[in-house]
Amino acid sequence: MGTTASQLAKDSLSEYQELTFLTKQEILLAHRRFTELLDRDERNHPNPRVPMEVILTLPELKSNPFKTRICQVFSTSEDKDGSLTFEDFLDLLSAFSDSATLEIKSHYAFRIFDFDDDGTLDCGDLEKLVNCLTGETEDTRLSSEEMRQLISNILDESDIDKDGTVNLSEFQHVISRSPDFVSSFKIVL
Amino acid sequence: PHPSYFSPGVEDFQENHKREKHYGKRRNGDRQQNKRENQRRKRSSKSVSEPETSEDGDDEEEVNNDGEVRPELLSPEELEKLKEAVDEKKKLIQSLRGKPWPMKQKLVTLRESQLFVEKYEGALGKGKGRKLYAYKVMMTKKWMKFQRDFENFKTACIPWEMKIKEIESHFGSSVASYFIFLRWMYSINMILFGLTFGLVMVPEALMGRPYGSIPRKTVPRAEEAGAMDFAVLWDFGGYAQYSVLFYGYYNNQRAIGWFKFRMPLSYFLVGVGTVAYSYMVVIRTMARNANESGIGDDNSFNFSWKMFTSWDYLIGNPETADNKFASITTSFKEAILEEQESRKDDNIHLTRFLRVLANFLVLCCLAGSGYLIYFVVRRSQKFALDGLENHSWWERNEVNMVMSLLGMFCPMLFDVISTLENYHPRVALQWQLGRIFALFLGNLYTFIIALMDAINLKRKEEKVVKYNITMWEASLYNGTGSENSTAPPITIHPADVPRGPCWETMVGQEFVRLIISDTMTTYITLLIGDFLRAVLVRFLNHCWCWDLEAGFPSYSEFDVSGNVLGLIFNQGMIWMGAFYAPCLPALNLLRLHVSMYLQCWAVMCCNVPQERVFKASGSNNFYMAMLLVILFLSTLPAIYTIVTIPPSFDCGPFSGKNRMFDVIQETLESDFPAWFSKVFSYASNPGLVLPFILLMV
């Protein structure tokens with residue numbers, strides 16, 4: 001169930017502790033930060049939903065190149081507009097927390113990188129991914145020749161069944177051998 | 001096509017509520033299995049006409065239409081199956097947080113599983129052992145709740161969390177990893193401090209003989225005049241020397257105080273215990289890190305890793321983010337270029353020659369610095385023989401200053417030399433770290449060798465002093481009365497008694513002085529190199545010819561690896577000296593505490609985020625491995641001195657014994673019953689010990 005006005009019910013708190021990787025303090029802090037994002041009148045709503053633009057004002061997400069994708073992946077709204085309820089927010093924090101397992105992080109990372117939501121990372125997804133990583137300005141972007149070379153190198157390395165796309169299990173195979181992934185895929189409030 | 005990321009769709013919440021009354025919704029395979037189980041149970045209970053051989057006797061109740069089952073009707077295997085189903089549900093509850101489902105679905109599954117478990121768990125306990133089962137279940141629940149609360153409490157207790165989080169968001173995780181390492185070191189030192197303070201310093205201070213009661217605890221008459229001077233105290237002489245801070249103060253009385261605290265035994269065991277604890281902690285952390293991180297140096301996924309794992313999600317500062325974008329772009333372009341370019345073979349001989357030359361220069365540097373230290377230590381011994389007052393401050397503190405200065409300037413020299421080598425930056429960084437490591441190690445060991453010379457000198461002096469003391473005592477008794485041997489005992493003030501030299505305290509003092517000067521040098525370099533530089537760049541920029549911020553000095557970056565190495569070597573010195581100066585862990589604790597605040601402030605105030613972000617992959621375990629090597633190498637000298645050199649006759653808890661570890665023998669003989677020492681002497685038979693050790697390995 002959703003949260004009541006400004007207090008988190010005790011049994012909800014213990015359920016959330018059971019279902020996420022967050023500690024009690026982290027859940028309470030998340031609740032506080034989430035309520036701050038709401039308008040005065042929305043706070044009394046039983047299950048408030050915060051639109052994406054407001055979520056993106058959080059300092060932890062503001063500078064992240066994948067911020068829109070993150071909101072879209074964790075959102076459970078029917079309009080797919082990236083708005084988050086408190087439970088979606090908790091899911092987000094749990095997947096990005098320090099104690100989350102590699103499997104759950106790699107699962108969500110795959111979904112974040114899958115820009116067109118088709119279940120695989122094809123050339124279009126990879127290209128958008130590289131553009132996100134190289135920043136907004138023109139002089140930091142790669143030329144189309146470099147982009148082509150880069151994508152073909154990546155597919156050479158990760159595409160095991162050579163179907164031209166990277167699926168979830170190939171992605172998880174690559175990620176599981178990386179020593180930096182778990183420590184960099186972290187967001188803490 | 002919408003991907004099926006979860007098991008069959010997120011169903012409506014309302015629907016689930018309705019179905020909860022029955023066995024509840026199951027996922028794919030579970031649903032079929034459960035239906036089958038349900039039907040089987042119904043069949044078995046309905047077809048029972050003769051009484052079941054269940055434990056509770058013969059309550060033959062019908063199964064009602066809701067699917068509820070009375071456990072008394074079930075045969076033992078079905079009881080087993082029910083128990084398995086309950087266990088399965090419990091496992092499902094545990095694993096829920098690792099499933100990538102949205103929260104609503106997880107909540108639904110959690111609630112129905114909990115309902116199921118509650119309904120049947122109590123019932124399962126009927127019959128034989130029911131009370132025990134219910135008790136076990138309740139205890140498990142309480143234990144899990146306690147564990148969870150304890151985890152919450154532990155996370156709340158972690159100090160400096162907000163500071164480190166701020167640094168993480170500004171500088172990324174590599175700079176923050178230094179501070180996390182500092183915090184971890186702090187916790188280790190806290191335990192070491194607890195051991196030495198609680199089991200060595202406090203008992204002696206509270207229950208041992210007070211200051212001034214026996215000769216070893218009193219400042220000698222000759223030194224009394226200057227014992228309270230600040231200069232003397234800063235040098236750890238005077239009153240500081242004759243206190244619980246150093247080895248020499250401790251009395252060798254076997255048991256002190258009203259509850260017979262075994263002081264020498266405790267001193268020895270604490271010394272051994274600190275080393276053992278450190279080994280255990282370092283190895284355990286290494287094992288944990290090795291489990292978590294993947295295989296480090298695999299180069300087969302170079303590009304994919306750059307793509308998928310290079311962004312640091314902790315960054316919350318736009319300036320850092322821009323830097324990160326630039327560094328990622330550069331690294332992509334470099335990697336593409338490297339992949340495309342064929343290796344240019346023409347200059348390979350020149351490169352090799354230059355690399356050999358560079359290594360030769362580095363070796364010369366290392367040898368030079370080792371010799372310099374040795375020379376300076378011998379000189380300081382000569383000064384000590386002349387009497388310290390005749391020399392200037394520099395000459396008195398020469399050794400420590402030279403070591404600290406070498407530690408500061410040689411790495412820069414290595415940096416310059418390494419430009420000859422033309423390595424890839426990551427490889428160059430590893431070479432640099434290796435060389436700095438060799439430098440520190442060489443310096444430390446030269447220092448120790450010079451110290452060993454000083455120890456041997458003191459031991460020779462001891463023989464002379466022993467002879468002098470016997471002469472002096474004889475002269476005392478001769479002077480008062482030579483008729484009866486039962487002359488009244490002469491009271492001499494302890495400060496006047498001639499004292500034997502105490503090499504252990506000297507060693508302890510040397511280490512303490514070294515650590516203090518090292519700390520001072522670090523802080524002063526920090527203030528001048530980072531803070532003053534930042535102030536100059538900021539304020540002189542208006543009136544200077546070229547742009548100071550972008551050009552030459554600009555703001556400094558935080559040198560992660562240099563700082564980590566400094567921390568590791570500092571800890572090595574503590575481990576080396578802690579046996580002879582119980583105050584060292586306390587000193588180090590204070591130092592780390594101050595360092596944390598000072599460096600956090602300096603980083604936020606004077607440093608800029610690094611332009612090229614290098615994660616030396618698997619660097620966590622690399623630093624741990626270095627720590628382990630340093631631990632081993634620093635406990636070697638202490639162990640050597642304990643095992644080979646006899647303790648001073650006139651100071652410390654082991655005075656009068658032949659070797660320091662004789663205290664163990666003595667304890668076994670006098671404190672334990674006779675049969676114990678016999679068993680121990682059989683057990684310590686080499687023939688038994690060797691196979692045992694081999695078996696363990």
Side-chain angles (χ1 to χ4, degrees), chain A residues 1 15 17-21 23-26 59-60 62-66 76 87-88 90-91 94-96 100-101 103-104 107-109 111 113 117-119 126 129-130 133-135 140-142 146 149-150 153-154 157-158 171 174-188, chain B residues 1-3 5 10 93 96-100 102-104 106-107 110-111 148-149 151-152 155-156 165 168-169 173 177 292-296 298 300-305 307-318 320-322 325-326 328-329 332-333 335-336 339-340 615 617-618 620:
Chain A
M1 283 302 272
E15 282 180 338
Q17 275 188 73
E18 194 70 46
L19 295 176
T20 63
F21 290 101
T23 62
K24 187 161 91 157
Q25 295 96 320
E26 287 169 346
E60 289 83 3
K62 208 165 38 165
S63 313
N64 197 317
F66 300 111
T76 52
E87 291 178 348
D88 300 334
L90 278 186
D91 271 332
S94 169
F96 278 101
T101 58
E103 292 76 33
I104 216 181
H107 180 101
Y108 278 113
R111 290 179 59 194
F113 295 150
D117 270 327
D118 63 353
L126 293 176
L129 182 55
V130 173
L133 281 175
T134 52
T140 53
R141 291 204 164 198
L142 298 183
E146 288 169 331
Q149 181 75 24
L150 182 59
N153 285 335
I154 292 173
E157 286 174 352
S158 319
F171 182 78
V174 171
I175 286 297
S176 65
R177 313 192 77 206
S178 157
D180 299 324
F181 176 66
V182 176
S183 52
S184 65
F185 200 75
K186 236 198 296 189
I187 293 180
V188 178
Chain B
H2 201 77
Y5 284 123
V10 182
I93 294 180
L96 264 182
R97 53 164 74 109
K99 291 211 195 286
M103 182 66 84
K104 252 193 212 166
K106 285 196 277 194
L107 273 173
L110 177 73
R111 283 175 190 153
R148 205 166 57 188
D149 287 341
E151 282 299 322
N152 283 348
T155 357
K165 198 214 132 200
E168 259 174 343
S169 87
S173 49
S177 72
E292 286 176 357
S293 68
I295 297 116
D298 210 339
S300 51
F301 294 121
N302 201 10
F303 281 101
S304 311
W305 285 349
M307 267 280 264
F308 298 134
T309 66
S310 55
W311 182 261
D312 194 348
Y313 287 71
L314 284 166
I315 293 179
N317 181 10
T320 320
D322 286 336
F325 286 138
I328 291 179
T329 315
F332 273 148
K333 292 196 174 159
I336 296 175
E339 181 85 6
Q340 278 175 342
K615 287 186 187 152
S617 304
N620 251 343

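Each chain gets a letter, A, B and so on, in the order its sequence line appears, and its residues count up from 1.
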Item to check | Closest approach of A:F21 to B:G98 (non-hydrogen atoms, all atoms of both residues) | outcome: CZ-CA, 4.0 Å

Next on the checklist: Between B:R97 (side chain only) and A:L19 (backbone N and O only), is there a donor and an acceptor less than 3.5 Å apart?
Outcome noted: no

Next on the checklist: What part of A:T76 gets within 4.5 angstrom of chain B, counting heavy atoms only: side chain, backbone, both, or neither?
Outcome noted: side chain

Item to check | Contact class of A:K62 relative to chain B, heavy atoms under 4.5 angstrom | outcome: neither

Checklist entry - Is chain A contacted by the side chain of B:L314, its backbone, both, or neither, given a heavy-atom distance below 4.5 Å? => result both

Checklist entry - Roughly how far apart are B:L107 CG and A:E15 CD, rounded to 0.5 Å? => result 5.5 Å

Next on the checklist: Does any backbone or side-chain atom of B:D322 lie under 4.5 Å from a heavy atom of chain A? Answer side chain, backbone, both or neither.
Outcome noted: neither

Checklist entry - With a 4.5 Å heavy-atom cut-off, do A:E18 and B:L96 have their side chains touching? => result no

Item to check | Engaged part of A:Q25 at the chain B interface, taking heavy atoms whose separation is under 4.5 Å | outcome: side chain

Item to check | Main-chain N/O of A:T23 paired with B:R148 side-chain donor or acceptor, under 3.5 Å | outcome: no

Checklist entry - Is a donor on one side and an acceptor on the other found under 3.5 Å between the side chain of B:N152 and the backbone of A:K24? => result yes

Checklist entry - What option among A:V174, A:I187, A:I175, A:V188 has the most heavy-atom pairs under 4.5 Å with chain B? => result A:V174

Checklist entry - Minimum heavy-atom separation for B:P318 to A:S63, with atom names? => result N-OG, 3.6 Å

Checklist entry - At a heavy-atom separation under 4.5 Å, does A:Q17 approach chain B through its side chain, its backbone, both, or neither? => result both

Checklist outcome for this item: Ranked by heavy-atom pairs below 4.5 Å to chain B, first place among A:D88, A:L133, A:T101 goes to A:L133

Item to check | Atom group of A:F185 that falls short of 4.5 Å from chain B, counting heavy atoms | outcome: both

Next on the checklist: So that I know where these two stand, are B:F308 and A:F181 an aromatic pair - ring centroids less than 6.0 Å apart?
Outcome noted: no

Item to check | Under 3.5 Å donor-acceptor, A:E87 side chain and B:M103 backbone | outcome: no

Checklist entry - Under the 3.5 angstrom rule, does the side chain of B:W311 hit a backbone N or O of A:S184 as a donor-acceptor pair? => result no

Checklist entry - Contact part of B:K165 toward chain A, heavy-atom cut-off under 4.5 Å: side chain, backbone, both or neither? => result side chain

